[in-house]
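On a predicted model such as this, the values are computed, not experimentally measured, just so you know. Naming: A, B, ... by sequence-line order, numbering from 1 per chain.
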Amino acid sequence: MAEKLLLIDGNSIAFRAFFAMHNQIDKFTNQNGLHTAAIYGFKLMLDHVLANYQPDKALVAFDAGKQTFRTEMYADYKGGRAKTPTELTEQLPYLHEMMHACGIKTYQLANYEADDIIGTLARLGDQAGDETLIVTGDRDLTQLVTDKTTVAVTIKGVTQTEMYTPAHFQEKFGVTPTQFIDMKALMGDSSDNYPGVTGIGEKTAQKLIQEYGSLDGLYENIDQMRKSKRKENLVNEEKIARECKDLATIRRDAPLTIGLDDLKYQGEQTEELTKFYQEMNFKSFLSKMNVAPSAEETTDAKEIAYTELTADNLDLLADLDHHVTFQLEMPNENYHLSTFAGFVIGDGQTWLVSRDESLLQTAPVKKILTSDQYTKDVFNAKAQIVGLHRLGIELNYVAFDLLLASYLVDPSDNSNDLGELAHAHDYYDVKSDEEVYGKGVKRAIPTDDQVFFTHLAQKARAIHELRAPVYDQLKEHEQMPLYEDIELPLTYVLAKMEIAGIKVNAQTLKEMGSKLKERLAEIEQVIYQEAGEEFNINSTKQLGEILFDKMKLPVIKKTRTGYSTAVAVLEKLQGYSPIIGHILEYRQIAKLQSTYIEGLLKVIHSSDQKIHTRYLQTLTATGRLSSVDPNLQNIPVRLEEGRQIRRAFVPSEPGWKIFSSDYSQIELRVLAHITGDKNLQQDFIDGKDIHESTARRIFHLLPGEEVTPDMRRHAKAVNFGIVYGISDYGLSQSIHVTRKQAHEFIESYFEEFPGVKKYVTEIVKSAHEKGYVETLTHRRRYLDDIHSKNFAKRSFAERTAMNTPIQGSAADIIKIAMINMDKVLRAHDLKARMLLQIHDELVFEAPAAEIPTLEKLVPQVMDSAFKLDVPLKVESKYGDTWYDLKK
DNA sequence: CCGGTCACG
DNA sequence: ACGTACGTGACCGGA
């Protein structure tokens with residue numbers, strides 16, 4: 001009878017699991033200091049596979065050691081690989097132990113790699129008529145794919161895999177699995193460190209094998225190949241190619257001492273596995289098995305005692321400790337509008353809960369929330385401040401914000417759900433809102449008091465209990481000043497800005513909207529005429545069919561799903577047909593209409609004619625803010641037509657003005673500071689036009705020579721490129737020059753700015769070593785892909801390593817400026833209000849009489865927010881609307 | 001719910 | 001040879 005066989009590539013999965021969990025490496029250690037992240041990740045993968053595949057037979061194969069028949073053949077095989085971290089190698093013995101507890105056999109064989117064990121067993125399985133699944137993190141194993149054998153390669157984390165069947169393999173590589181070995185013989189493998197034939201990479205190898213069918217076929221017909229450098233290399237390096245083929249070929253006849261009959265999957269050995277989990281301190285797995293984390297803890301941790309607070313027992317509040325945890329529950333994400341479902345307040349011993357938010361207005365509660373006699377721990381302080389403000393209560397003296405602090409520890413830990421975030425911290429005695437409230441249309445606050453109050457109390461307890469460990473992490477990262485002096489004070493400032501809101505004249509928007517509507521209808525008709533039929537212009541699919549199938553315009557670029565019709569593509573098609581210009585115009589107006597006219601009209605609060613955005617303080621990977629519901633950080637400005645939208649943004653009081661100040665070139669100034677490059681610093685100190693002076697340097701102009709507009713434009717693009725983590729290809733695309741020219745620009749830039757070059761090298765090196773990069777204030781970003789074998793992923797991580805300290809430090813600086821600005825406005829008793837932050841710009845509204853004061857004060861505060869080795873420069877403007885700003 | 005597109009810094 | 005400029009959010013169409 002056909003059975004299901006599961007073969008797991010132990011070393012490669014352990015490796016993947018280790019790096020997938022790498023940013024949490026500190027959290028995964030057991031009582032004895034053993035790192036356990038790889039073991040944990042391995043088990044996650046295993047559970048996922050077992051649940052989905054349900055094998056009859058299973059085996060985890062391991063490499064026996066460094067010495068194999070391949071290293072005997074070729075001494076440099078897998079040479080040059082970084083040493084496996086000891087944090088990983090120390091975990092491998094325990095994987096065997098865990099597999100035993102899971103009822104799965106493990107096996108390794110001297111002189112052979114895990115690949116060969118798997119290859120051999122898969123062949124045996126095929127011959128026995130079994131169905132086989134191979135799970136690995138190494139794409140090389142896909143050569144084992146057959147009609148009966150599927151290979152699952154992990155792509156992200158450990159539970160997401162790409163399934164290789166013969167059909168998928170063919171589609172992806174354009175050759176059969178056997179041919180792929182021949183391809184590798186030609187192209188080599190940089191991670192296994194064998195060379196292949198000089199000058200042949202994946203694309204050429206694929207072409208040659210497709211043409212000749214195989215390596216043998218190629219060499220049989222090599223005489224007919226026309227004379228070329230490539231042919232010469234192929235002929236000279238035939239021996240190498242054949243050796244490489246041998247190295248690349250996974251053995252299917254390894255001398256195994258076990259057979260298929262030894263692989264029966266036994267199922268979990270509950271007692272043994274429980275013991276193992278306890279040894280590893282795997283609380284989440286233990287809780288799934290309904291067992292307490294360790295023998296001493298006998299109570300069910302999920303239970304929690306609470307008391308319902310009512311008007312009659314308010315005296316309970318007086319007994320609370322003066323360090324409380326509080327949460328006002330708002331079911332809707334948008335806390336400006338959400339209803340209130342209830343609240344919880346407590347001190348770790350006592351948890352008081354209620355559905356009745358009017359109790360918050362009573363003196364004893366209000367006192368706790370407002371007074372400096374009580375410090376408060378919360379989750380998302382800004383939401384709490386705004387929510388309570390709507391109830392007429394001022395929340396002060398927040399000590400700990402779990403959301404904010406977790407975000408600083410790792411900005412990718414930014415779930416807005418307390419339960420999920422707690423789980424990420426390995427704390428499981430609280431559920432996620434989705435688990436308790438449901439999702440989609442079914443989402444609702446439970447009517448059962450027991451269910452709802454338990455959830456509230458558990459949330460509060462999670463905040464309380466996670467405070468100490470999260471503080472420890474902040475301290476370990478040297479992030480206490482970032483947390484206490486920047487992010488937490490900023491939360492209050494942002495709350496104030498959101499509450500203030502910005503006045504928007506709906507009438508202005510409506511008038512613009514009706515004009516746009518008319519124009520849209522006109523252009524639409526013209527486009528239908530030109531296309532010869534009516535279609536949905538907003539559909540890229542339909543538009544592509546019209547342009548490229550019907551009208552036969554040249555295809556410039558394709559996307560995964562069809563033809564690309566992006567602006568860059570359409571601009572290249574200008575001149576082929578007048579329809580292109582009309583489509584571009586249609587797109588521009590349609591965008592204004594839907595996003596900015598209709599979109600903004602929808603979010604004006606009827607009560608005050610204002611828009612109240614929410615700034616997300618715990619979202620971006622770099623430390624910038626983002627703005628939602630609506631996004632006020634991308635209101636059009638570059639094109640005049642869109643810029644008109646800003647006419648609708650007006651001061652909220654008669655006789656007031658809109659005032660705005662922005663940092664000039666803050667990212668390049670930060671770059672000059674961080675890199676310490678003397679030339680770049682000097683140019684800023686001398687107050688030069690930085691793009692012009694960059695042009696002077698990289699184009700080697702003499703003192704009398706003039707910088708042409710083109711030179712300046714190119715230099716500006718290079719400066720942008722440097723900030724983004726430059727690549728010649730990217731630069732060439734942005735300024736429409738050849739890749740070679742772009743490369744020369746970059747080379748020239750690095751010669752002129754050697755400090756920048758040094759920085760780029762060092763930050764990438766440091767990111768490789770540490771796995772993260774930091775900003776000026778120790779804001780941290782982990783870069784998991786920095787160790788990736790995949791060139792594209794790794795390159796992306798390397799560019800991120802260059803960009804994040806720049807973009808993130810600029811974000812740090814303006815955040816400090818905002819906190820100081822808020823203080824200064826109060827100190828000077830000004831009526832002016834800070835309304836918006838747009839990354840390098842602050843927008844205010846103020847009485848006309850205060851404008852002269854602001855013109856002095858705001859640049860002063862912004863300039864001095866952070867002492868850099870170069871000056872910061874700030875420019876201010878003001879006017880009657882956001883559109884009319886003038887110097 | 002995802003991908004394409006386009007608005008901003 | 002590989003395939004990209006960095007960071008966001010909103011809207012639309014089409015599975």
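Sorted by residue number, the members of residues 583-604 of chain A with any non-hydrogen atom under 4.0 Å from DNA chain B read Arg587(A), Lys591(A), Tyr596(A).
Using a 4.0 Å heavy-atom distance criterion, Gly721(A) is classed as a base contact. When heavy atoms are screened at a 4.0 angstrom cut-off, Ala797(A) is found touching no nucleic acid atom at all.
Checking dT8(C), dG9(C), dC6(C) against the side-chain heavy atoms of Phe796(A) singles out dC6(C) as nearest. Here the side chain of Phe720(A) is nearest to one of dA5(C), dG9(B), dG13(C), namely dA5(C). In the set dG7(C), dG9(B), dC8(B), the nucleotide with an atom closest to the side chain of Asn803(A) is dG7(C). In the set dA5(C), dC8(B), dT5(B), dA5(C) carries the atom at the smallest distance from any side-chain atom of Ala717(A). Closest contact between the side chain of Ala566(A) and the listed nucleotides dG4(B), dG14(C), dC6(B) involves dC6(B). Of the candidate nucleotides dT4(C), dG7(C), dG9(C), dG9(C) has the atom lying nearest to any side-chain atom of Val628(A). Closest to the side chain of Ser539(A), from the set dT4(C), dG14(C), dG9(B), is dG14(C). Ranking dA7(B), dA5(C), dG14(C) by closeness to the Gln542(A) side chain, first place goes to dG14(C).
Contact annotation: Thr204(A) side-chain N/O to dA1(C) OP1/OP2 distance is not under 4.0 Å. Proximity of Ser564(A) to the phosphate of dT5(B): a side-chain N or O atom is located under 4.0 Å from OP1 or OP2. Taking 4.0 angstrom as the limit, Arg794(A) places none of its side-chain polar atoms (N or O) nearer than this to OP1 or OP2 of dG3(C). Contact check, Arg799(A) against dA5(C): no side-chain N or O comes under 4.0 Å of OP1 or OP2. Under 4.0 angstrom from either OP1 or OP2 of dG4(B) there lies at least one side-chain N or O belonging to Thr559(A). The phosphate of dA7(B) has neither OP1 nor OP2 within less than 4.0 Å of any side-chain N or O from Arg638(A). Proximity of Asn631(A) to the phosphate of dA7(B): no side-chain N or O atom is located under 4.0 Å from OP1 or OP2. Side-chain N/O atoms of Ser626(A) include one lying less than 4.0 angstrom from OP1 or OP2 on dG9(C).
Ring pair Phe169(A)/Phe180(A) is perpendicular by interplanar angle, where above 60° counts as perpendicular and below 30° as parallel. Between His673(A) and Phe866(A), the angle of the ring planes goes over 60°, which puts this pair in the perpendicular group of the 30/60° scheme.
Applying the 5.5 angstrom centroid cut-off and the 30 degree plane-angle cut-off, the aromatic ring of Tyr729(A) is stacked upon the base of dT4(C).
Side-chain N/O atoms of Ser732(A) and Gln741(A) include no donor and acceptor closer than 3.5 Å.
Remark: dC6(B) base-pairs with dG9(C); criterion is Watson-Crick or G-U wobble with both hydrogen-bond distances under 3.5 Å.
Both the sub-6.0 Å distance and the 45° axial angle are not jointly satisfied by Arg739(A) relative to the ring of Tyr729(A). Stacking of Arg799(A) on the aromatic ring of Tyr724(A) is not recorded, the 6.0 Å distance cut-off and the 45° axial limit not both being met.
Remark: the separation of the P atoms in dC6(B) and dG3(C) is 24 Å, to the nearest Å. Going from the P atom of dG3(B) to that of dT4(C) covers 14 Å, rounded to whole Å.
Residues Lys815(A) and Glu487(A) form a side-chain contact, since some pair of their non-hydrogen atoms from C-beta on lies under 4.5 Å apart.
At a threshold of 4.0 Å, the pair Glu533(A)-Lys550(A) counts as salt-bridged, since one of the basic side-chain nitrogens sits closer than that to a carboxylate oxygen. Of the charged side-chain nitrogens involved, none lies within less than 4.0 Å of a carboxylate oxygen, so that Arg587(A) and Glu585(A) do not count as a salt-bridged pair.
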